[in-house]
2 protein chains.
Amino acid sequence: MESADAPLPGAPGRRRATAAMVADRAQVSTATVSLVANGKSRGRVSAVNEARVLQAIHELGYVVDGIGSSLSRGVSSTVIMVAPDISNPFFANVIAGVRTALGQDYQLLLSVTDAGTLPSAADTRRLLSLRPAGLLVDAPDEAFLEELSAPDPLVLLDAPGLGERFAAVNLDVAHGARELAGHLAAAGHRKVAYVDGITGTATFELRRAAFLAAADALGLEVPDAACLATTIDVGVVASEFASVWPAWQQAGVTAVACATDTHAYGILQEARARGLRVPGDLAVAGFDDLPYSRTSNPSLTSVHLPGEELGRQAAQQLRRLMAGEMLEDQELTLASSLVVRGSTTVD
Amino acid sequence: MESADAPLPGAPGRRRATAAMVADRAQVSTATVSLVANGKSRGRVSAVNEARVLQAIHELGYVVDGIGSSLSRGVSSTVIMVAPDISNPFFANVIAGVRTALGQDYQLLLSVTDAGTLPSAADTRRLLSLRPAGLLVDAPDEAFLEELSAPDPLVLLDAPGLGERFAAVNLDVAHGARELAGHLAAAGHRKVAYVDGITGTATFELRRAAFLAAADALGLEVPDAACLATTIDVGVVASEFASVWPAWQQAGVTAVACATDTHAYGILQEARARGLRVPGDLAVAGFDDLPYSRTSNPSLTSVHLPGEELGRQAAQQLRRLMAGEMLEDQELTLASSLVVRGSTTVD
DNA sequence: CTGAAAGCGCTTACAG
DNA sequence: CTGAAAGCGCTTACAG
């Protein structure tokens, strides 16, 4: 009968149990406790001792101290993920993938900064002083990587163009962009607009460049005036669109491609507010293929990006690096593909 | 002239600099280095030595090792925030507030789990084994707090009813709920529906209970059939609403109150799709007052919840706890208030 | 003002 | 199979 207020010998008060206390109670050395607690006892600890240690661990509620362990081993079992934009449905998928691949062996911790910003040099140094076993960086920019200068296990996500210098998992957004341009051209559009993100994120530049190039090759014209760039906010997009639409209409624009689905939602909303038929008067499409795009009204044609897969693969690469392995492919690229829905086609 | 490939004495190869290396170079003891590096030199280190140490720190790029420091001091300078729902615009505000109040003294790390879930007992123990200086827990449930059982510096956010046992910062959602009921009653509505979240989060229960009670007191009827509960997903809400609307309409429902703005967006969307005039045929309102609610079409009447303030106050309380102070008020409650917009009133 | 030394909790050769 | 001991990098009384 163990009651909480009758402190067990070796577990005085509410102090957390140490390996020494466990060793005491099990009548073994702390070396043995360490072996058992870390599952390294195979052929190195007798069955009897193993049982006693396990018993003592259970009784004292012992958990290996992360700090002591990290100091001794030189690294922690923490994986830190740095990301500029946490409040984004797409990002939630990426995280889910990372967690899946990391499993129980590493603890995932997120380092967040202000919207759209990466940590400063000082922040980064403090982060590294926690000795993470590995680092995952989403949508990094040059400046950040400069500061980092760390050859620690590091994998970049969604960092097109950086795969030469760092391990990275990227999305082949260009392929989807070309499919989208092809789809719009095939549907008979001749003049299209492009709505971009306003942060200079590499993936956005890639989306736009690939789309514009493909459009050009297909004889799809993107009038100079028909380009817009806004923050990723439905309301902002809607109001900006409201003010440029007359000019676009004048120019003969009949379709809009957007850098993200969220941008597209803004267009859909405003189009509806002014009685435009979608896709009749205006076809709309985006990138990301967020869950909502399946159920929006009309449903949204979008370039599907495998967010969860992105997270999973990045975490798998990181695991290899953390295990000291070499990477077969330093850069991985995941396919994207167009999902055609109601916002660009009538059934 | 220092070149990167000519290792400085005391900084061989690319190994990170230690206090010992700094001490060596500055010709002082590591004790002195520690004092200077931590800004505790005031009146304890001579100006000369301080300058030399600072110089050496700079030259070697020394950063105090977080692990060594934590082990020695017994705690880290990390604050871990545990939250069940990271991909929520409201949550981004909370985080921003936390970061502001925490400042440079502590590093904020987020521990995320799968959507709507809090960490398991095992996860929690591993988290605590990192010896965080403090813990922030958003929307916790009983079970989680049970497991935690930690009297460590801990502040709960959005945990109505738990303020007795733990330090907490809560939102007075009941007040906003009553205002909302009052507003709808004053506008002449007699039958209203309620759309709830599906997770049993305490704040959702509070919102609903307060709204229903106030409605009852005002003679506003909420027909039994006119209650819906769905996940926080615009698409899901829209399709669920589509199937129940005929019955609601039959019952004479002319207004809908929603547990979150996101729910309300789903209603707005579907209402629009079926040609309902808002607020003419149906008035719609939510809780959260997300940024988009100002710009949606129509703009959304919503109970404003001060997310950033919530984060800031929670972090401030935690700082007091971490500094060893007593809390004047163990439970803080922030006001909520109704913001009336186009979805419930014609101009 | 300064430094030698103990100690934080653990892991890992090493000797037995 | 087992344990004594060194060492990870730092901080903090303590003695001077």
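Proteins come first, then strands; the chains are lettered A, B, ... in the order of their sequence lines, and each starts at number 1.
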_So if I define the base as every atom that isn't primed, P, OP1 or OP2, how would nucleotides 5-15 of chain D read as a B/S/- string at a heavy-atom cutoff under 4.0 Å?_
--BBBBBB---
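- With sequence neighbours excluded, the residues that form a side-chain contact (heavy atoms from CB on, under 4.5 Å) with B:Ala101 are B:Arg312, B:Ala315, B:Gln316.
- Residues satisfying the salt bridge (charged side-chain N to carboxylate O under 4.0 Å, His left out) test with A:Asp141, not counting sequence neighbours, are none.
- The side-chain contact (heavy atoms from CB on, under 4.5 Å) search around A:Asp329 returns A:Leu332, not counting sequence neighbours.
- Under the side-chain hydrogen bond (donor to acceptor under 3.5 Å, both in side chains) criterion, B:Thr100 pairs with no residue at all, not counting sequence neighbours.
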*How does DNA chain C read in dot-bracket, base by base from 5' to 3', with Watson-Crick or G-U pairs under 3.5 Å and | used when the partner is on another strand?*
|||.||||||||.|||
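- In this structure A:Arg126 satisfies the side-chain contact (heavy atoms from CB on, under 4.5 Å) test together with B:Ser77, B:Gln104, B:Gln107, sequence neighbours excluded.
- Among residues two or more places apart in sequence or in another chain, the side-chain hydrogen bond (donor to acceptor under 3.5 Å, both in side chains) test is passed with B:Arg73 by B:Ser69.
- By the side-chain contact (heavy atoms from CB on, under 4.5 Å) test, B:Asn49 is found to be paired with B:Val28, B:Val45, B:Ser46, B:Arg52, residues two or more places apart in sequence or in another chain being considered.
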